[in-house]
Amino acid sequence: MDRIYMDNAATTPLEEKALEAMMPFLKENYGNPSSAHTFGREVRKAVEETREKMAFLLGAKPEEIYFTSGGTEADNMAIVGAARALQDRGNHIITTSVEHHAVLDTCLALQEEGFEVTVLPVDQHGMVDPDDVRDALQDNTILISVMHANNEVGTIQPVEEIGRAARESNVLFHIDAVQAVGNLPVNVETLNVDLLALSAHKFYGPKGVGLLYVREGTKVNRLTHGGGQEKGMRAGTENIPGIIGMGKAMELAYSQLEENTRRMESLRDRLIQGCLEMEEAKLNGHPTRRLPGNVNVSFEYIEGEALLLSLDFKGIAASSGSACSSGSMNPSHVLMATGMSEQTARGAIRFSLGRHNTVEEIDYTLQAVKESVDKLRSMSSLYQGKGER
Amino acid sequence: MDRIYMDNAATTPLEEKALEAMMPFLKENYGNPSSAHTFGREVRKAVEETREKMAFLLGAKPEEIYFTSGGTEADNMAIVGAARALQDRGNHIITTSVEHHAVLDTCLALQEEGFEVTVLPVDQHGMVDPDDVRDALQDNTILISVMHANNEVGTIQPVEEIGRAARESNVLFHIDAVQAVGNLPVNVETLNVDLLALSAHKFYGPKGVGLLYVREGTKVNRLTHGGGQEKGMRAGTENIPGIIGMGKAMELAYSQLEENTRRMESLRDRLIQGCLEMEEAKLNGHPTRRLPGNVNVSFEYIEGEALLLSLDFKGIAASSGSACSSGSMNPSHVLMATGMSEQTARGAIRFSLGRHNTVEEIDYTLQAVKESVDKLRSMSSLYQGKGER
Amino acid sequence: MYSDKVMEHFNNPRNVGDMENPDGTGEIGNVRCGDITKVFIKVNGQGIIEDIRFRTFGCGAAIASSSMLTEMVKGRHVEEAVKITDIEVADNLGGLPPQKLHCSNLAADALKAAIKDYQDRQK
Amino acid sequence: MYSDKVMEHFNNPRNVGDMENPDGTGEIGNVRCGDITKVFIKVNGQGIIEDIRFRTFGCGAAIASSSMLTEMVKGRHVEEAVKITDIEVADNLGGLPPQKLHCSNLAADALKAAIKDYQDRQK
Ligand SMILES: Cc1ncc(COP(=O)(O)O)c(C=O)c1O
Ligand SMILES: Cc1ncc(COP(=O)(O)O)c(C=O)c1O
C-alpha cells in the first residue's frame, strides 16, 4: 500500500486543478500587479477576479478581502490591527483557551501594550459556552476572537450565536476559520463576523497564502509598512501564483463541500469506532459537533509522539498535538483546557482525514494502530505499573 | 517582435530551473515541515538544505537565516524587531531619504513609539555620504538602515564603509539588499552588516518569499505570534515551494553573476547612450556606481506615466517611479531627494534590464522611445510653452 | 487599471494641438499639483463651439480626459458645454481609477476657463 | 528531526522489558516533566553489568535513548557505567533535537539510580 496521509489539518496536498491555474503565473504571466504596463495589468486583472470570486464564496464584497501570506498573518493583522485601531474605545479582548497560537499568543502579547485579555474556558469537549462570552463582556470590550473549528480536537464552536452576542453588544467579532473553510459552509453574513482569517494550504490550496476578511467600515491598523498593496493594509509584492491557486482551491472546496463532508464523516466515524474498540482509548473533542475529518483519540500509558513515529514506520502520517508545536514537549494546551490529565493528554493522537482517504486506508490504519499501541504499551513503564497495581 | 520586458526591478520572470525545483513541492512533497512524520521530515530536510545553501552564498550561518514572505516583511522584521529589542539602550535610528517605503515608512512609523529618526540626504546622484552617517551618530543610536542599491535610480550605496562606521560605533546595521542580490556580490561579512533583507522575485525566484539575515547574537523581537516556525521569529506555515525556488534561483544568480553583470552593463550603457542622444534628456542616478540593469532617464516636458503607456502600446514594459507607488500621483520621493525639479522628476522613466534582454530589444526600444517622446511632446502644454518663449 | 476607452483616447487623442486665433483660451493646472491642460475654442455667432483643441502635460488619464472632453463639446452651445462635469467626462471614458479622478476635473476646468475667456471677450 | 539512528533504536529497541530478581532497579521521571524510565540491572561478582532491561513511557527520543544506553552499558563495570553522561548517549544516537536533549538525561539518570540501588544492597 502507498503511504497514507492522515494529517490534513496540518496541511493538504495541492489540488491538481489549483496547480494548473497557477502555472501560467509561474511562467509567462510574471508581471507585478502594481505595474502599469500590460504585463502588470494582466496579472492585476487575475488577482482582482480571484478577490471577487473568494468574496462571493464568503458572502463578502471584494473590497473587504485582503490577501496575506497565510492564516497566521491574517490572525495577527485582525487582532493587533483591530485592537490598536479601537484602543480609544476600550482595551478589553475576549478569546478562548483552545485557540491556535496565532490567536492566543497574539492576544496575550497585546497585554504588554496595556490590553486586558479574558481567556474563556471550554467544557470537556472543547466547546465554548456563548453565555460565558456574554458574561465576559465589559463596557470596554472591543474585540472577541473565537475559532470556528478547532485544529486539534475538531470541535466546532457556536460562532453564530457568539456572533449575535457580539453584534448586540456592538463589539467586533473575529473568527479564525483556518480549519473551517473547505470543511464547513463559511459565510460572513450568516456567521455575523467582522473579521475572518483563512489559509489556503488547509483546503488543498498552496502554502504561503491566506486571506483576511474585514467588514466594510471596520477600522484595522496596518502591521507592516511599505508599498501600497492591498489598499495599504498589507504591503509587499503579492504571492501571485499563491493567490490564484487559493481562489481555484476555494472554488473547488465550496462546490464539493456537501459531497466531501458526507464521505469524510463516514470515514471518520469508522476510524473513531475502531479506535474506541481498543482497550483504554478515549475520544477527545466533541462527539458530534466536530470537523468531518477529525479523529483525536487518547491511548492511555503511551506517548502520542511515540505512537506517531511507530505509525510512520508503517507508512501512516498522523499528528500528536498540533503540527506547529509538535517540536515542543508540553502536552497540548487544547487538551489540557478540556480538563484531562497530563498523562491522557500526552497519549493523544490526531488523524485528520482528507479528500483522498479511502475505506481501505482506514482499515489498514486501525490494524496498524492496534499493533503499535500494543507494542508501545509492552514497553511502557506506566503500563507495567498498572499491571502491578 | 515579442513583447519586451524591461521592468526587472519591479519583478523578474521565474527561472525555469527554479520552477523545476519547486514542482515536487507543489505536487507529491506536500508535507508540513513542522510535522514529525516522513511527509514532514522530507520537506524539513529540503528547507534546511536551502537554508544552508543560501547562508553559504551570503557568507552567513544557517542559524542566521529566517525565511519570510518577501522583502517588505523582512525589512519590517529587521527594523521594528531590532528597534524594540534595543529600546533600553537607545531610541535613535538613522536611515536615508531614498529608501524603499518598506524601510522608510517603517522607520517613520516607529516615531509613534517614541523613536527618533534621522533621514539622511543624498547627493544629486542619489548617493549617501558615509561622513553624514558618522555625523548623525548619537550616543543613543541603535540602528542604521541603508539600502544596498536603489530600486529607482540604481545607485549603489557605499554600504561597506557605512558598515565599518556602524561596527566602530557598535551600532546595528541593516541593509535592504532587495535590489542588490542577483546583481551585485552580496556577502554579510565583507559588508559588515548585522541584518539584511532580500526578496526572491527580484532575482528570478518566485513571488511571496524572501529572507532576513540576522547576525548571531543580535536580538530581534518577533512581530507576529503563532506557531514556533523559524525559531519563533516568523510564525506561520512556510511557503515551501517558494523557499525551494528561492534557493535555486539564488544559486543560479550567484553562479552567473559576473557574466550577467557584464552583459547587462553593456546593454544598459547602449540604452543610456541612445536616450541621452535625444533632445533634453537627462540620466538620473549615479553615472558609474549603478545597478547593471538600471536606466533611469528624465525627458523634459512630458510625464513618465504617459511615456510608459505609450511604450506599452509598442510592446515595451517599463516603469515610471517605483512599481509600488505607480498608482500614486506624487513624483518619486527618490528623484525629489536628489534635488531635481518636480517637472523633471515627473518626466522620469525607468528601464530595468534583465537576463533575457537583447541588443535588438534595446535598439527597438530606442526607436520607440524617440517616437513616443516626440508624440507626447507635440501634445504637451509645456513643450508648446517652451516654443513660445 | 485604465479602461480600454481611456487607453484608446490616450493613444489616439482627438483634437490635439494649437489653434490660430481662438475665440477663447483656458489653461488650468500647475506642475506642483500635477498636470497642465490648455484648451482653445472657436465659437460661432450662435454660441456653438465649432472647433476645439487641447494640449496637455500629464499622465495618461489627463490626456485621455482632455481628448474625451473635446469630443463631447464639439457642436454644443457654450452655455451647455460649460455645464459638463468631470464626472461626465470620467463616465464617458468608462471610469477612471480613484487616484486619477482629478484628471478629468482638469480638462473640464480648462474648458470652463476657455469659455469664460470667450465670454469676457464678447463683452 | 530525528537521526536515522534514533529512529532505528526507537523502532527496534534493545533490552526492553522486565527482569526477574534484578540486582538493582532505578526509576526516574514523572508524568509532569514528561517521560518515565525504569532500568533493571544484573551485576556479577566482578561488578560487571551482565544484563540490563528498561521500560519507558515517553516520546521516541526517550525510548531510543533508553535503548542506546542499555547497549552502551552491557558488559561494563558499574564504576564505569555510572560515569556515562546524557551527552554520550545523545552522541551515540547521532544527536538529538535541542528540545529533546533532556530525554537522554532521563535514561542516564535511571541507570545511575539502578547502580545506586545495587550498591546500597551490597552494603
Ligand atoms: C486554527 C488555525 N489557525 C491558524 C493557523 C495558522 O495558519 P498558517 O500556518 O497557514 O499561518 C492554523 C494552522 O496551523 C490553524 O490550524
Ligand atoms: C529596494 C526594495 N526594498 C524592498 C522591496 C519590497 O520587496 P517585496 O515587494 O518583495 O516585499 C522592494 C521591491 O519592491 C525594493 O525594490
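By convention in this document, chain letters (A, B, ...) are assigned in the order of the sequence lines, proteins followed by strands, and residues within each chain are numbered from 1. Computed from a prediction, not measured in an experiment: that's the story for all the values here.
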Pair count under 4.5 Å, heavy atoms only, with chain B: among A:Ala235, A:Cys107, A:Pro241, A:Pro206, highest is A:Ala235

With chain B, the option among A:Leu223, A:Thr224, A:Leu14 that has the most non-hydrogen atom pairs under 4.5 Å is A:Thr224

Quick one: which residues of residues 311-318 of chain A reach chain B at under 4.5 angstrom, heavy atoms only?
A:Asp312, A:Ala317, A:Ala318

Tell me which of these, A:Val103, A:Thr38, A:Leu19, has more heavy-atom pairs under 4.5 Å with chain B than the rest.
A:Thr38

Against chain A, work out which of B:Asp75, B:Leu108, B:Thr72 has the most heavy-atom pairs shorter than 4.5 Å and name it.
B:Thr72

Looking only at heavy atoms, what is the nearest atom pair of A:His225 and B:Thr106, with distance?
CB-OG1, 3.4 Å

For a 4.5 angstrom cut-off between non-hydrogen side-chain atoms, does B:Lys207 reach A:Tyr30?
yes

Which bit of B:Leu309 is near chain A, if near means a heavy-atom gap under 4.5 Å: side chain, backbone, both or neither?
side chain

Which bit of A:Asp105 comes within less than 4.5 Å of chain B, counting heavy atoms only: side chain, backbone, both or neither?
both

With sequence neighbours excluded, tell me which residues meet salt bridge (charged side-chain N to carboxylate O under 4.0 Å, His left out) with B:Glu99.
none

Under 4.5 Å from any heavy atom of chain B, what part of A:Leu26 do you find: side chain, backbone, both or neither?
both

Quick one: does any side-chain atom of A:Asn32 pair with a main-chain N or O of B:Thr11 as donor and acceptor, under 3.5 Å?
no

Under the 3.5 angstrom rule, does the side chain of A:Lys27 hit a backbone N or O of B:Glu16 as a donor-acceptor pair?
no

If you tally heavy-atom pairs under 4.5 Å between each of B:Leu104, B:Val80, B:Asn239 and chain A, the highest tally belongs to B:Asn239

Let me know if B:Asn76 has heavy atoms under 4.5 Å from chain A in its side chain, its backbone, both or neither.
side chain

Interface moiety of A:Pro13 toward chain B, non-hydrogen atoms closer than 4.5 Å:
both

Toward chain B, the part of A:Met6 with a non-hydrogen atom under 4.5 Å
neither

Which portion of B:Met22 sits near chain A, non-hydrogen atoms under 4.5 angstrom
side chain

With a 4.5 Å cut-off on side-chain heavy atoms, are B:Met23 and A:Met23 touching?
yes

Report the residues that fulfil side chain to side chain contact (heavy atoms under 4.5 Å, CB included) with A:Lys17, sequence neighbours left out, ordered by chain and then residue number.
A:Lys248, A:Leu252

Under the side chain to side chain contact (heavy atoms under 4.5 Å, CB included) rule, collect the residues that match up with B:Glu113, sequence neighbours excluded.
B:Arg84, B:Leu110, B:Phe115

Quick check on A:Thr12 against chain B: is it the side chain, the backbone, both or neither that has a heavy atom closer than 4.5 Å?
backbone

Audit row: B:Arg3, A:Glu42, salt bridge (charged side-chain N to carboxylate O under 4.0 Å, His left out) steps and yes/no:
CA-CA 13 Å; B:Arg3 290 196 290 172; A:Glu42 284 170 355; 3.3 Å; yes

Flag for A:His37-B:Asp7: side-chain donor and acceptor within less than 3.5 Å
yes

Heavy-atom pairs under 4.5 Å with chain B: which of A:Pro33, A:Gly242, A:Gly71, A:Gly31 has the most?
A:Gly31

Over all atoms of both residues, closest heavy-atom pair of A:Arg234 and B:Ser69:
NH2-OG, 3.0 Å

